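The sequence lines fix the lettering, A, B, ..., with proteins before strands; numbering per chain opens at 1. Remember, predicted model here, so these are calculated numbers, not experimental data.
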There are 2 protein chains.
Amino acid sequence: MAASYRRDQQRLPAAERRRQILEITAAVIAECGFWGLSMQDVADRCGLTVPGVLRHFGSKAGLLIAVLAHRDVEDARSLRAHLGVSEAEMPDEWSEGGPAGVDLRQLCLATMRRNATQPEIVRLFAVLKAESLTPSHPAHDYFANRQHNALAAFTALARDVTDRPETLARQIIAMMDGLQDQWLRTPEAVDLVHEWETAAALLFDAAT
Amino acid sequence: MAASYRRDQQRLPAAERRRQILEITAAVIAECGFWGLSMQDVADRCGLTVPGVLRHFGSKAGLLIAVLAHRDVEDARSLRAHLGVSEAEMPDEWSEGGPAGVDLRQLCLATMRRNATQPEIVRLFAVLKAESLTPSHPAHDYFANRQHNALAAFTALARDVTDRPETLARQIIAMMDGLQDQWLRTPEAVDLVHEWETAAALLFDAAT
DNA sequence: GTCTATAGGACGATAGAC
DNA sequence: GTCTATCGTCCTATAGAC
């Protein structure tokens with residue numbers, strides 16, 4: 001799995017090294033999942049030894065959790081950029097009603113546009129989402145919460161456009177995930193944003 | 001992972017033993033994926049030793065392929081039962097145009113009804129589908145073909161109900177997969193068949 | 001058809017030097 | 001902050017007895 005990587009031969013500041021490890025780990029997990037992840041592989045790609053990596057995150061499971069937390073922050077940031085809203089209007093953690101004052105359809109479109117630019121990240125979440133169905137997976141709770149929060153936020157926003165908001169929310173999430181799955185396998189055969197726009201027209205126009 | 005299982009202390013006929021191993025392996029993969037699958041775990045649950053299992057399938061990858069082939073046959077059988085058609089009308093391998101003379105909407109509904117009765121199998125495919133995105137996965141080609149064939153078959157059948165059959169086919173597959181994902185995580189909170197019927201009304205009625 | 005025995009690694013993690 | 005050295009466990013797969 002791991003190719004040959006030379007050692008860096010340099011001591012990086014902890015924060016910088018952590019960031020490097022997190023990004024490389026995300027790429028490896030996107031390929032192999034968490035069960036298929038090897039600390040040796042991560043260490044090689046970072047130009048470190050295994051204990052060198054472990055020092056920063058304590059354990060393999062700790063590393064996974066740190067990757068997910070890091071992605072949450074980065075994803076919130078990039079989504080705000082795509083929507084053109086400030087951090088005050090849309091904090092990293094959405095409140096119960098979802099991001100206040102954002103139109104659901106715009107939010108979905110911005111999300112899909114953003115995702116279309118980062119297939120590796122989409123794949124990271126697709127792989128972990130399936131793997132974490134088993135309760136013994138270290139990201140099981142994370143993805144249980146994630147699904148619950150997404151459904152709650154989308155349902156709250158859907159109240160503006162339909163009288164069956166939860167049904168619409170489920171359909172939107174299902175369609176977004178399903179189209180992304182097809183796109184991940186054959187990116188050249190699927191125009192993710194265009195397919196979503198067509199589907200969104202169907203879902204939203206039927207609701208109103 | 002593996003609990004305590006006593007040895008069978010009996011020599012089963014090869015065909016029977018193969019079937020037992022295939023079913024147990026399917027359950028383990030549904031939990032842990034292929035990378036997380038341990039031959040020791042399978043052997044314990046079968047009441048065998050590891051070489052005892054390997055004799056029947058040669059290698060871990062061979063076992064996975066055998067599981068998928070076995071599922072294809074079983075799934076075709078159960079789908080025919082749900083649709084009430086004969087093996088002559090709908091062979092295990094669909095022809096290019098999809099199963100001849102079957103209504104697309106009925107086919108989808110029968111599929112979802114069947115899937116709602118076997119969450120472990122749905123989960124098996126969900127986990128392997130994500131894991132096999134990487135080309136080095138032994139089931140990579142299997143799932144690439146599976147997606148291609150499903151799209152081709154659904155597109156062919158969709159020609160009867162819309163003038164944009166591929167778009168509809170993609171949306172149907174996306175919605176079915178997406179709803180199943182949500183159902184897998186919280187089966188008690190999602191009525192899979194009912195959610196699909198609602199979504200199908202939307203997708204098919206907009207198309208005609 | 002199933003076993004024991006074993007080869008030959010890879011794994012995650014810890015201890016302690018620098 | 002990173003290393004070397006090492007522990008103990010798990011892994012797939014093969015050889016050969018019964």
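The separation between A/Asp41 atom CG and C/dG12 atom C1' is 14 Å, rounded to whole Å. Between the CE atom of A/Met39 and the P atom of D/dC3 there is a distance of 13 Å, rounded to whole Å. The CD-C1' distance, from B/Gln20 to C/dG1, rounds to 13 Å in whole Å. Straight-line distance from the CZ atom of B/Arg55 to the P atom of D/dT14: 14 Å, rounded to whole Å. The CG-P distance, from B/Leu12 to C/dT2, rounds to 6 Å in whole Å. If you measure from atom CG of B/Leu54 to atom P of D/dA13, you get 6 Å, rounded to the nearest angstrom. Remark: C1' of D/dC10 and NZ of A/Lys60 are 12 Å apart, rounded to the nearest angstrom. The interatomic distance linking A/Leu37 (CG) with C/dG12 (C1') rounds to 11 Å, in whole Å.
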Considering only distance and modelled atom types, tabulate donor-acceptor pairs under 3.5 Å from the side chains of residues 187-199 of chain A, sequence neighbours left out.
{"residue": "A/Asp191", "atom": "OD1", "partner": "A/Val193", "partner atom": "N", "Å": "3.4"}
{"residue": "A/Asp191", "atom": "OD1", "partner": "A/His194", "partner atom": "N", "Å": "3.1"}
{"residue": "A/Thr198", "atom": "OG1", "partner": "A/His194", "partner atom": "O", "Å": "3.0"}

N/O donor to acceptor pairs below 3.5 angstrom from side-chain atoms of residues 79-90 of chain B, sequence neighbours left out:
{"residue": "B/Arg80", "atom": "NH1", "partner": "B/Met90", "partner atom": "O", "Å": "3.0"}
{"residue": "B/Arg80", "atom": "NH1", "partner": "B/Asp92", "partner atom": "OD1", "Å": "3.0"}
{"residue": "B/Arg80", "atom": "NH2", "partner": "B/Asp92", "partner atom": "OD1", "Å": "3.4"}
{"residue": "B/Ser86", "atom": "OG", "partner": "B/Ala88", "partner atom": "N", "Å": "3.4"}
{"residue": "B/Ser86", "atom": "OG", "partner": "B/Glu89", "partner atom": "N", "Å": "3.2"}
{"residue": "B/Ser86", "atom": "OG", "partner": "B/Glu89", "partner atom": "OE1", "Å": "3.2"}
{"residue": "B/Glu89", "atom": "OE1", "partner": "B/Ser86", "partner atom": "N", "Å": "3.0"}

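As judged by a 4.0 angstrom heavy-atom cut-off over every strand, B/Leu63 is placed among residues making no nucleic acid contact. Base engagement by A/Pro51 is indicated by at least one non-hydrogen atom pair under 4.0 Å involving a base atom.
Taking only side-chain atoms of B/His56, from C-beta outward, the nucleotide of D/dT12, C/dT2, D/dC3 with the closest atom is C/dT2. Comparing D/dA13, C/dC11, D/dC11 by their nearest atom to the side chain of A/Gln40 picks out C/dC11. Of the listed nucleotides (C/dC11, C/dT2, D/dT12), C/dC11 has the atom at the smallest distance from the side chain of A/Ser38.
Look at A/Arg17 and you'll find a side-chain N or O under 4.0 angstrom from OP1 or OP2 of D/dT2. Not one side-chain nitrogen or oxygen of B/Thr49 sits closer than 4.0 Å to the OP1 or OP2 atom of C/dT2.
Within a 6.0 Å radius of CD in A/Glu120, no more than 12 heavy atoms belonging to other residues, nucleotides or ligands are found.
In this structure, A/Arg71 does not pair ionically with A/Glu74, as no charged nitrogen and carboxylate oxygen lie closer than 4.0 Å. Remark: A/Arg185 does not engage A/Asp181 in a salt bridge, criterion side-chain N to carboxylate O under 4.0 Å.
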